[in-house]
Amino acid sequence: MAEAADFQGTSPSPARRWLRRTGAVLAGTPLLTGLLQLPAASPAEAAAPAAPRAASDDGSVAVSVDSLTPGAPAEGDTVTVSGTVTNKGKKTVTDASVGLRVGSLLDTRSSIDTVAKNSDDIGSPVGAEIDDKYTEKFTKLTPGVSQPYTISVPADELDLGQDGVYDLSVTLTGETSDQPWEQTLGVRHTFLPWQPDEADTKTKTTFMWPLISTVHMTAETGSDEEQTPVFHDDELAEEISPGGRLDRMVALGKDLDVTWVIDPDLLASVEAMTTRYEIPGENADDKNAVGGHQAVAKRWLTEVQKAVADKEVVALPFGDPDLASLAHHGTSVTGSLRHLKEATDVAAGTVESILHVTASTDFAWPVEGAVDPSIIKVSTSAGADKVITRGDTFEGGRDLTYTPTAPRPIGGGTTAVVADARLSTVFDGDMTRASASTQAVQRFLAQSLTLALQTDRPRSVVIAPQRTPSAAQAQTMAEAIGALQDSTWSQPQDLTAAAKSKPDPDAGTEVPPASAYPKSLRKQELPRSAFEQIARTQDKLDRFKVILSNPSRVVTPFGRALNRGMAASWRGRPAEAAIYRSGVETYLDTLSSQVRLIEKSDTKLSGRSATIPVTVQNNLVQGVEHLVLRLTSTNPTRLEIDGNAYEEQPIAVSGGHSQSVKFTTNANANGRATVVAQLYTQDGRPYGQPVTFDVKVTEITATVMLVIGGGVLLLVLAGFRMYTQRKRAAARQAEEREQENAADAADADAGDAKNPEASERRPTQESAPDTPEDAPEQPSDPAPDTAPESADPSGTGERVDR
């Protein structure tokens, strides 16, 4: 902002303007005389007692202002200041006195900055001390000991005249043993805004109230039907628990006229906590660590719903992506802008489904409002037409004596909503100390009043504080907003209304060049490698989802995880960001590898044809489909797959099952042939790792068959010859026995005739040929030389027969 904009204009009151013009005319003559003379003290300063001189050991007593109420007093109010004084020196301070002094009117915004910078400088000018009765005295201040003080003064006693901001200082005077005279030993400067009457033209002030956190959810989910979410830490539970940062943001913001700026990822993460969730490495039986915060999450979401009811809600893209990093390093990586579009598309729906309000997605908010042409281009690429910037990085305008209104048309239908830098950054820093918080509130009010007094023209002022304020910072902001909303010079306004207000024709509309982008912010940006890894993971996800029967179980959690990988909250934490992105990619690789081919060992093939089984295993909980299994022979002249070099078969496997697919092979020659099995998606892209194995062909050739046939024939002929020879020999033997038997019978008959009794005693014998014990057996059919064909899948080292 140009320094010329620091000068405040006249009061908006017509009567007060007339009095000031009259006073200027009456003061003209003394002023001309004063040009030829040395400067003289004002009557008020001349009547006031001289201020005690500063101590030689500067600031030996620390003075704090822990409370100042009311922050912007009106007529009839009593101003109460309280705090502590602490002797930091080595000498005891005696006759100490704490009093208030009203200094000069601070008529520029830069003068307020100067006083704030030197707020404890005892050498800086202080005004006249108020009446002695409004002091607090201490007999002595022992080294290292703090003493509280409280001083209450009616506003009428402060002798405040012209509207504006006054330097209000609390001073401690006293003596030490080595310097026994009254001296100023400590001081604390603060600000006292004074405008008791309602302004004719009030400044319309928009305060953005951010509900944003860091990344907590991973891409991993449970295998159960509910897909139990997995968090990489439990810090979010602490933030939403009573007294936590986000709990305080909601409790404080519900009573303020603010515009809620929400990261949908925060709402989605808390909603995931309303059911059981897991944290890796935690004890599953510990209810406080795993699924023990459902009640806390439900309560917090209910409170948010109440707080945003009837309030304006602006939804950032899901995960609050780092727009500057994307513009400077991500646009050269294919697909990066796709993630920003997806994050924007799901933002409004997420907010509406959880909070039941309609959120605006028209606003983009780069980190700290710093922009250049590339950031503007990226910010509006997903549909936003309003970019929240900040005045310290955006030109205010030439020769302006006031701070211009917030909206600036920058071309292409885009509006830059320029937030006031001083008001937006006043709450940075440690606000846990009451003195720091009080000083921030008074400085905020002082800057706001000084801005309002710059001109009579209507203006809209936007305040964009830090993205993730601490609980103490939120408390301080709430106190400041509450005081401002009760003030006489400001009125609240929604962010959308501020963006639509009439632009100042004299305000600067030129977007700062890339060279003007702050180097400190550029050093914190996500590197190109981050977007390359996100793109690589997205490519793997695209290949994986096409084979799934229910792809939403994978696409949704991984898609949101990729959005989180681009979050602005990773700034300043490069190692943690890299670990998160790698975790997402590694987990996706793990899931993809659950669908794979089972390794096969070398296979033996006997015969001209046979079937080779290949097994596909699916260890996912859901089925896979739209896959093709291709079996390819690297030497088709030796081994063909179904008459070709390769064969393909469609694959569909239920979750937790395996399927064996059989391929018909034909052998043309003996030897070893290498076979490759590979899964493909329907678009022809390889899926997973191939499985390679060798098939040893032992086919029986025609020559061998002739040799074997000849040998068999010779055996048969030899057997037949042996059979006929034995048969002839048996016949001869039978004939010889018959002849012998006949001769024996004749001899017997002759003998019986001589001896009849012997004939009666000899038994009768049947005439049948005897069968010799060594008679040859009948030849049997030869046993088959191959085993029956098996339809089962081949195992390790299995012999595949025809």
Side-chain angles (χ1 to χ4, degrees), residues 5-24 68-80 102 104-109 112 153-168 190-207 255-259 311-312 401-406 420 422-423 426 441-463 477-495 497-498 500-502 504:
D6 289 331
F7 292 102
Q8 69 183 43
T10 57
S11 170
S13 171
R16 194 170 289 116
R17 287 198 297 270
W18 180 85
L19 289 174
R20 289 174 184 167
R21 293 193 185 103
T22 304
L68 195 162
T69 56
E75 292 180 352
D77 288 340
T78 297
V79 178
T80 301
V102 178
S104 60
L105 189 67
L106 304 174
D107 56 359
T108 65
R109 302 188 70 184
I112 296 174
V153 182
D156 298 339
E157 296 290 333
L158 296 175
D159 196 22
L160 302 174
Q162 181 181 347
D163 292 354
V165 177
Y166 290 86
D167 178 2
L168 179 66
T190 188
F191 310 99
L192 191 65
W194 173 253
Q195 181 170 300
D197 300 328
E198 291 287 334
D200 294 337
T201 303
K202 291 188 176 182
T203 302
K204 296 178 181 179
T205 306
T206 301
F207 202 102
D255 297 324
L256 302 173
D257 289 324
V258 295
T259 293
K311 300 286 182 67
E312 183 183 37
T401 59
Y402 57 88
T403 302
T405 194
D420 187 81
R422 288 185 171 98
L423 295 175
V426 71
V441 171
Q442 295 308 120
R443 186 178 180 183
F444 175 84
L445 296 174
Q447 288 286 356
S448 177
L449 177 56
T450 304
L451 183 151
L453 292 175
Q454 289 174 342
T455 180
D456 291 340
R457 66 177 61 199
R459 285 172 297 167
S460 295
V461 176
V462 174
I463 302 167
M477 291 192 305
E479 293 176 6
I481 298 171
L484 183 64
Q485 292 176 171
D486 293 337
S487 70
T488 59
W489 66 85
S490 176
Q491 65 183 44
Q493 184 182 41
D494 289 342
L495 183 60
K500 292 181 179 180
S501 62
K502 184 179 180 180
D504 192 324

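Note that CD of Gln447 is 6.5 Å distant from CG of Leu423, once rounded to the nearest 0.5 Å. To the nearest 0.5 Å, atom CD of residue Gln491 and atom OG1 of residue Thr201 are 10.0 Å apart.
Residues Leu445 and Pro193 approach most closely at CB-CG, 3.7 Å, considering heavy atoms. Of all non-hydrogen atoms in Leu105 and Val165, the two that sit nearest each other are CD1-O, 3.3 Å. In plain terms, the two heavy atoms of Asp156 and Gly76 that are nearest each other are OD1-N, 4.1 Å. Between Phe191 and Ala446, the shortest heavy-atom distance links the atoms CB-CB, 3.8 Å. Between Leu192 and Gly71, the shortest heavy-atom contact is CD1-O, 4.4 Å.
Legend: residues meeting ring-ring contact (aromatic ring centres under 6.0 Å, His included) with Phe444, ordered by chain and number and at least two apart, are Phe427. Listed by chain and number, the residues in a salt bridge (charged side-chain N to carboxylate O under 4.0 Å, His left out) with Arg459 amount to none (sequence neighbours excluded). Evaluation of the side-chain contact (heavy atoms from CB on, under 4.5 Å) rule for Thr78 yields Thr80, Ser152 as partners, not counting sequence neighbours. Partners of Glu198 according to the salt bridge (charged side-chain N to carboxylate O under 4.0 Å, His left out) rule, which considers only residues two or more places apart in sequence or in another chain, are Lys202. Scanning for salt bridge (charged side-chain N to carboxylate O under 4.0 Å, His left out) contacts around Lys204 gives an empty result, with sequence neighbours left out. Considering only residues two or more places apart in sequence or on other chains, Pro154 meets the side-chain contact (heavy atoms from CB on, under 4.5 Å) condition with Tyr134, Glu157. Scanning for side chain to side chain donor-acceptor pair (under 3.5 Å) contacts around Trp194 gives an empty result, with sequence neighbours left out. In this structure, the side chain to side chain donor-acceptor pair (under 3.5 Å) partners of Ser501, at least two apart in sequence or on a different chain, are Ser460. Every residue meeting the side-chain contact (heavy atoms from CB on, under 4.5 Å) condition with Asp77, not counting sequence neighbours, appears here in chain and number order: Pro70, Pro73, Ala74. Taking Thr206 as the reference, nothing meets the side chain to side chain donor-acceptor pair (under 3.5 Å) condition, with sequence neighbours excluded.
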Please report, to 0.1 Å, the donor-acceptor pairs under 3.5 Å made by any side chain of residues 477-485, with sequence neighbours excluded.
from	atom 1	to	atom 2	distance (Å)
Glu479	OE2	Gln475	NE2	3.4
Gln485	OE1	Asp257	N	3.0

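Asp163 places none of its side-chain heavy atoms less than 4.5 Å from the side chain of Trp489. A heavy-atom distance below 4.5 Å is not found between the side chains of Thr488 and Asp197. Counting only heavy atoms from C-beta outward, the side chains of Asp159 and Val102 never approach each other to under 4.5 Å. A heavy-atom distance below 4.5 Å is not found between the side chains of Leu256 and Phe207.
Among pairs with a residue in residues 441-453, those fulfilling salt bridge (charged side-chain N to carboxylate O under 4.0 Å, His left out) read Asp113-Arg443, at least two apart in sequence or across chains.
Just one residue in the list Thr455, Leu449, Thr450 forms a side-chain contact (heavy atoms from CB on, under 4.5 Å) with Leu453, and that residue is Leu449. Among Lys311, Glu312, Gln493, the one residue that satisfies the side chain to side chain donor-acceptor pair (under 3.5 Å) test with Thr259 is Glu312.
Between the side chains of Arg109 and Thr403, at least one donor N or O lies within less than 3.5 Å of an accepting N or O.
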Test log, rule side-chain contact (heavy atoms from CB on, under 4.5 Å), inputs Leu158 and Tyr166: CA-CA 10 Å; Leu158 296 175; Tyr166 290 86; over 6 Å; no
Would Ile463 and Thr205 count as a side-chain contact (heavy atoms from CB on, under 4.5 Å) here? Give the steps. CA-CA 8 Å; Ile463 302 167; Thr205 306; 3.6 Å; yes
